[in-house]
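Protein chains get the first letters and strands the later ones, always in sequence-line order, with residue 1 at the start of each.
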There are 2 protein chains.
Amino acid sequence: MEESAELVAGHSIAAVERDTGLQKDTLRVWERRYGFPQPLRDANGERVYPPEQLERLRQIKRLIDQGMRPGKIFAADAASLEEWLGNAPAGTDEPQHAEFLALLRRQRSGELRQNLQQNLLKLGLQRFVTELVGPLSVEVGLAWKRGEVSVAEEHLYTEQLQTVLRGAIQALHNPTQRPRILLTTFPDEQHSLGLLMAEAMLAPEGACCTSLGIQTPLADIAHAAISGEFDIVALAFSSHFPARQAHAGLAELRQQLPAHVEIWVGGKHLTERAAPAAGLIYLADMAALLSALSHWRNRGTG
Amino acid sequence: MEESAELVAGHSIAAVERDTGLQKDTLRVWERRYGFPQPLRDANGERVYPPEQLERLRQIKRLIDQGMRPGKIFAADAASLEEWLGNAPAGTDEPQHAEFLALLRRQRSGELRQNLQQNLLKLGLQRFVTELVGPLSVEVGLAWKRGEVSVAEEHLYTEQLQTVLRGAIQALHNPTQRPRILLTTFPDEQHSLGLLMAEAMLAPEGACCTSLGIQTPLADIAHAAISGEFDIVALAFSSHFPARQAHAGLAELRQQLPAHVEIWVGGKHLTERAAPAAGLIYLADMAALLSALSHWRNRGTG
DNA sequence: CCCCCTATTTGTCCTGGACAAAAATCAATC
DNA sequence: GATTGATTTTTGTCCAGGACAAATAGGGGG
């Protein structure tokens, strides 16, 4: 019922699904439409994927995650595929970032954290976020796309950064001040760093931040905001969150919340596209959080 | 391509797969063979599962995970099914837990964290985990199932607990000692608290823990373990992770890792079922981590 | 009681067709 | 020329119903 061992021959379709994240149906329909992958068959007629094809599928998945379309990928030959994987738009590596990336690639989690901690003390929390963490996270993402950093190493980065940021935020928590801000994301959103960075920007300003973490259902966000008497609901969206889904959800949330509760929308790709929905405040970057905050305070007192 | 919202009508087969851990093929073949579930159909002829059937499927999955066979379950009537399920040893609410739950329901995140922090100081990190956090997390989960606690409140609990645990762990990190333990979960696993609790148990013992957080692809776990020269890979599984998927993945991981790297498997429901896969060390609870650790040390020095 | 053989149960895989959401392309307007 | 709206193409998921092997249960010997 389940492949076992599979000594050298290859992998079952279930194993490929596990390893690549591509659904079984997708693998079969690709084979039918594009002629790749073209697995061998065992005695029972079941697909057996050789290791090379699995590796190629992993690469293809990476390209698709980057937004490339299957049609183009399968039409291309091996040469241009290699090229796409290697086409680093060479973000000018600042020397500081190169150092972090080197630590990451060598899995020196302790040193990495120490280094982050030192920079936090040197820069202060807010500049730490805007000047170091923001750009560095982008850089790590790019390095992952280029295949220079593995998923495991990206996770390592996230973990260490979480520890450092949470430690700093914890010390600043002030439960009595205003505004009261509820931070969270929609369901399907996987990335929590944006929330932590936002909290790190707002906490030193004396805002009372409460984070629900990622993936809070819409109805729960609205209910929590009302019953917790929050002034602002801040939503974070990572760059590949479907814009359509975001706008639909935001419209519904706006409707469920009383007008005096502001909704802050973080996520560069949502601000770029002109989508001037009423009653929403779009924030292009972390610095914009500060102006939005002072704006709220001026309004409140003025 | 993907269901969204699904206001009240019901759930797609993909949603049911996500929620129950039962594969799409299994759901279809049950319908064919046993006549249950019997989902409605939408305009396009696709299955739409009403909430009651989804709930029943969840119950059935629980019974199967306990070792009961589908044939018996589907042959039984509703009464005896209730009876099978009813033998749950009603968790006696300790007064301390009631207090935490009350804070949670009133969204007093600050007081909640303070309270957790005080208990941490009072009990020490390891007893804090085994005596308070473990039982309390189960209690919160049950309260959620009973509808007494919302998703938002559960998230709030997770966030506060993360802050407290990470703060405590950070101070203990010791990068030079042995064994070096890599902590993470398989893809599809959503819950990170188990990892943090494990780290909290191990760090005071002088183990060098590195957490990759949740959802690390199999190949990346193996690669990171080897290149990082880890002695142990510890995987956490929450109670509803599909056992089948877990065992398949563990077998493959065992194959990809050198024999001298131990694999520790955390998750009560995986240890209950007799699944004596060779080369894996099953841990029924947090306390078992300590005996596994001393076992490793005796072996290493003995 | 344990071990081996057979029968049943049960989950996964298969094929090939269909369709809707998302993306891309094209058309028309300010 | 750029933005909006309609149309076409691409692409992932779903369906039916048949097949088969691993897992389990049942039945004798030793």
Taking [atom1] from [X] and [atom2] from [N], how many angstroms apart are they, rounded to a whole number?
| X | N | atom1 | atom2 | value |
| --- | --- | --- | --- | --- |
| A:L27 | D:dG12 | CG | P | 10 Å |
| A:E31 | C:dC14 | CD | P | 8 Å |
| A:E46 | C:dT15 | CD | P | 10 Å |
| B:I13 | C:dT12 | CD1 | P | 13 Å |
| A:R33 | D:dT13 | CZ | P | 11 Å |
| B:R41 | C:dA18 | CZ | P | 17 Å |
| A:L22 | D:dT13 | CG | P | 9 Å |
| A:M68 | D:dG12 | CE | P | 14 Å |

### Query
Mind checking what makes side-chain hydrogen bond (donor to acceptor under 3.5 Å, both in side chains) contact with A:E31, not counting sequence neighbours?
A:R41, A:R47
### For A:E46, all residues meeting side-chain hydrogen bond (donor to acceptor under 3.5 Å, both in side chains), sequence neighbours excluded
A:N44
Below the 4.0 Å mark, does [N] have OP1 or OP2 next to a side-chain nitrogen or oxygen of [X]?
| X | N | result |
| --- | --- | --- |
| B:K24 | D:dC14 | yes |
| B:R32 | C:dT10 | no |
| B:R69 | D:dT24 | no |
| B:N44 | C:dC19 | no |
| A:T26 | D:dT11 | no |
| A:Y34 | D:dT11 | yes |

### Task
Only counting residues at least two apart or in another chain, list the ones meeting side chain to side chain contact (heavy atoms under 4.5 Å, CB included) with A:V138.
A:L142
### Message
Going by side chain to side chain contact (heavy atoms under 4.5 Å, CB included), name the residues that satisfy it together with B:I226, two or more places apart in sequence or in a different chain.
### Response
B:L257, B:P258
### Task
Report the end-to-end axis angle of the helix from C:dC1-D:dG30 to C:dC30-D:dG1; each axis comes from five terminal pairs, and the value is rounded to 10°.
40°
### Task
Could I get the full list of ring-ring contact (aromatic ring centres under 6.0 Å, His included) partners for A:F36, not counting sequence neighbours?
none
### Query
Residues two or more places apart in sequence or in another chain: which of them pass ring-ring contact (aromatic ring centres under 6.0 Å, His included) with A:Y157?
none
### Message
Is it the case that the base of C:dG16 and the side chain of A:R28 share a donor-acceptor contact (distance under 3.5 Å, atom types as modelled)?
### Response
no
Give every pair of a protein N or O atom and an N or O atom of nucleotides 6-8 of chain D that lie under 3.5 Å apart, one pair per line with the distance.
none

### Message
So that I know where these two stand, are A:W30 and A:F74 an aromatic pair - ring centroids less than 6.0 Å apart?
### Response
yes
### Query
Under the salt bridge (charged side-chain N to carboxylate O under 4.0 Å, His left out) test, which residues partner A:E154, sequence neighbours left out?
none
### Message
Using heavy-atom distances to pick each residue's nearest nucleotide on DNA chain C, tell me which of B:A43 and B:V29 is more 5'.
### Response
B:V29
